[in-house]
**Q** 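Quick one: the structure is below, and I'll ask about it shortly.
Letters A, B, ... are given to chains in the order of the sequence lines, protein chains preceding strands, and every chain is numbered from 1. Computed from a prediction, not measured in an experiment: that's the story for all the values here.
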Amino acid sequence: MNSFNKKCYEILKKVPKGKITTYKEIAKALKSKAYRAVGNAMNKNPYSFAALGWAGGKNLKSSDLVPCYRVINSNGNVGGFASGTKNKVRILKSEGVEIVNNKINLKKYLFKLKN
DNA sequence: CGGTTGACCAAGT
DNA sequence: GACTTGGCCAACC
């Protein structure tokens with residue numbers, strides 16, 4: 001696995017349920033400005049929400065999975081999602097994140113990563 | 001190895 | 001508030 005992607009995943013796995021982080025924060029945690037590269041990595045990430053068993057009902061080990069839906073834009077917008085933004089929103093809501101007009105209150109839900 | 005792409009960001013118009 | 005521009009970086013062709 002590429003080092004960069006792996007790091008992204010490792011960081012993302014630290015985000016607890018009910019919280020979110022941003023592409024920018026992840027890049028910052030990597031001491032880089034690769035906002036876009038992070039998004040790119042997520043887009044190709046092998047552990048989509050479908051792999052979480054959400055759709056299939058198959059329970060896989062969460063330790064091997066990446067909650068890519070917990071990553072949003074730095075301006076609070078939900079951003080994109082490979083399998084549809086609607087699904088992303090739905091999943092987040094199910095974890096207790098309030099989403100209004102496709103936006104999230106960063107002050108309330110942003111998980112601060114170690115730098 | 002250059003050029004394009006993108007689930008991005010910030011500042012400008 | 002919207003739309004455009006320039007910049008950033010890894011992956012891909």
**Q** Specify the separation, in whole Å, of atom OH of A/Tyr35 and atom C1' of C/dG6.
**A**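 A/Tyr35 atom OH is separated from C/dG6 atom C1' by 13 Å.
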**Q** Which distance, rounded to the nearest 0.5 Å, do you find between the NZ of A/Lys93 and the CD of A/Glu98?
**A**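 Output value for this atom pair is 10.0 Å.
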**Q** Measure all distances between protein nitrogen or oxygen atoms and nitrogen or oxygen atoms of nucleotides 2-5 of chain B, and list the pairs falling under 3.5 Å.
**A**
none

**Q** Around atom NZ of A/Lys19, are there more than 12 heavy atoms from other residues, nucleotides or ligands closer than 6.0 Å?
**A**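 Count over threshold, so yes.
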**Q** Ignoring hydrogens, what is the shortest heavy-atom contact between A/Tyr109 and A/Gly18? Give both atom names and the distance.
**A**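 Smallest interatomic distance, heavy atoms only, reads CD2-O, 3.4 Å.
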**Q** Looking at A/Asn45, A/Val71, A/Leu113, A/Val38, which one forms a side chain to side chain contact (heavy atoms under 4.5 Å, CB included) with A/Leu12?
**A**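 Per the side chain to side chain contact (heavy atoms under 4.5 Å, CB included) rule, the option paired with A/Leu12 is A/Val71, out of A/Asn45, A/Val71, A/Leu113, A/Val38.
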**Q** Looking only at non-hydrogen atoms, find the nearest pair between A/Ile11 and A/Ala29 and report the distance.
**A**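 Result for this residue pair: CD1-CB, 3.8 Å.
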**Q** Fill in the dot-bracket string of DNA chain B, one character per base: . for unpaired, | for a pair to another strand, ( ) or [ ] for pairs within the strand, taking Watson-Crick or G-U pairs under 3.5 Å.
**A** .|||||.||||||
**Q** Tell me whether the OP1 or OP2 atom of B/dG6 has a side-chain N or O from A/Asn43 closer than 4.0 Å.
**A**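 Answer no for this pair, as no side-chain N or O of A/Asn43 is under 4.0 Å from OP1 or OP2.
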**Q** Which of these nucleotides, B/dA7, B/dC8, C/dC9, is closest to any side-chain atom of A/Cys68?
**A**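 Nearest listed nucleotide: B/dA7.
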**Q** Applying a 4.0 Å non-hydrogen cut-off, can you work out what A/Ala37 is touching in the nucleic acid: base, sugar-phosphate, or nothing?
**A**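 Touches a base.
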**Q** Provide the closest heavy-atom pair for A/Phe81 versus A/Cys68 in the form atom of the first, atom of the second, distance.
**A**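 That closest heavy-atom pairing would be CE1-SG, 4.2 Å.
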**Q** Report the distance from atom CG of A/Leu106 to atom P of B/dC8, rounded to the nearest whole Å.
**A**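 To the nearest whole Å, that distance equals 14 Å.
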**Q** Can you figure out which of C/dC8, C/dA10, B/dA7 approaches the side chain of A/Arg36 most closely?
**A**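 Of the options given, the side chain of A/Arg36 lies nearest C/dC8.
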**Q** Find which nucleotide of DNA chain B each of A/Lys24 and A/Ala82 is nearest to by heavy atoms, and output the residue with the more 5' nucleotide.
**A**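 Upstream on the strand: A/Ala82.
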**Q** Looking at B/dC8, I'd like to know if its phosphate oxygens (OP1 or OP2) sit under 4.0 Å from a side-chain N or O belonging to A/Ser74.
**A**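 Indeed not, no polar side-chain atom of A/Ser74 lies that close.
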**Q** Looking at every non-hydrogen atom in both residues, tell me the closest pair between A/Lys103 and A/Val78 and how far apart they are.
**A**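 Scanning both residues completely, I find the closest heavy atoms to be N-CG2, 4.2 Å.
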**Q** Compare side-chain N and O positions of A/Lys44 against OP1 and OP2 of C/dC12 and report whether any pair is under 4.0 Å apart.
**A**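 The answer is yes; a side-chain N or O of A/Lys44 sits under 4.0 Å from OP1 or OP2.
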**Q** From the list C/dA10, B/dA7, C/dG7, which nucleotide is the closest neighbour of the side chain of A/Met42?
**A**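 Output: B/dA7.
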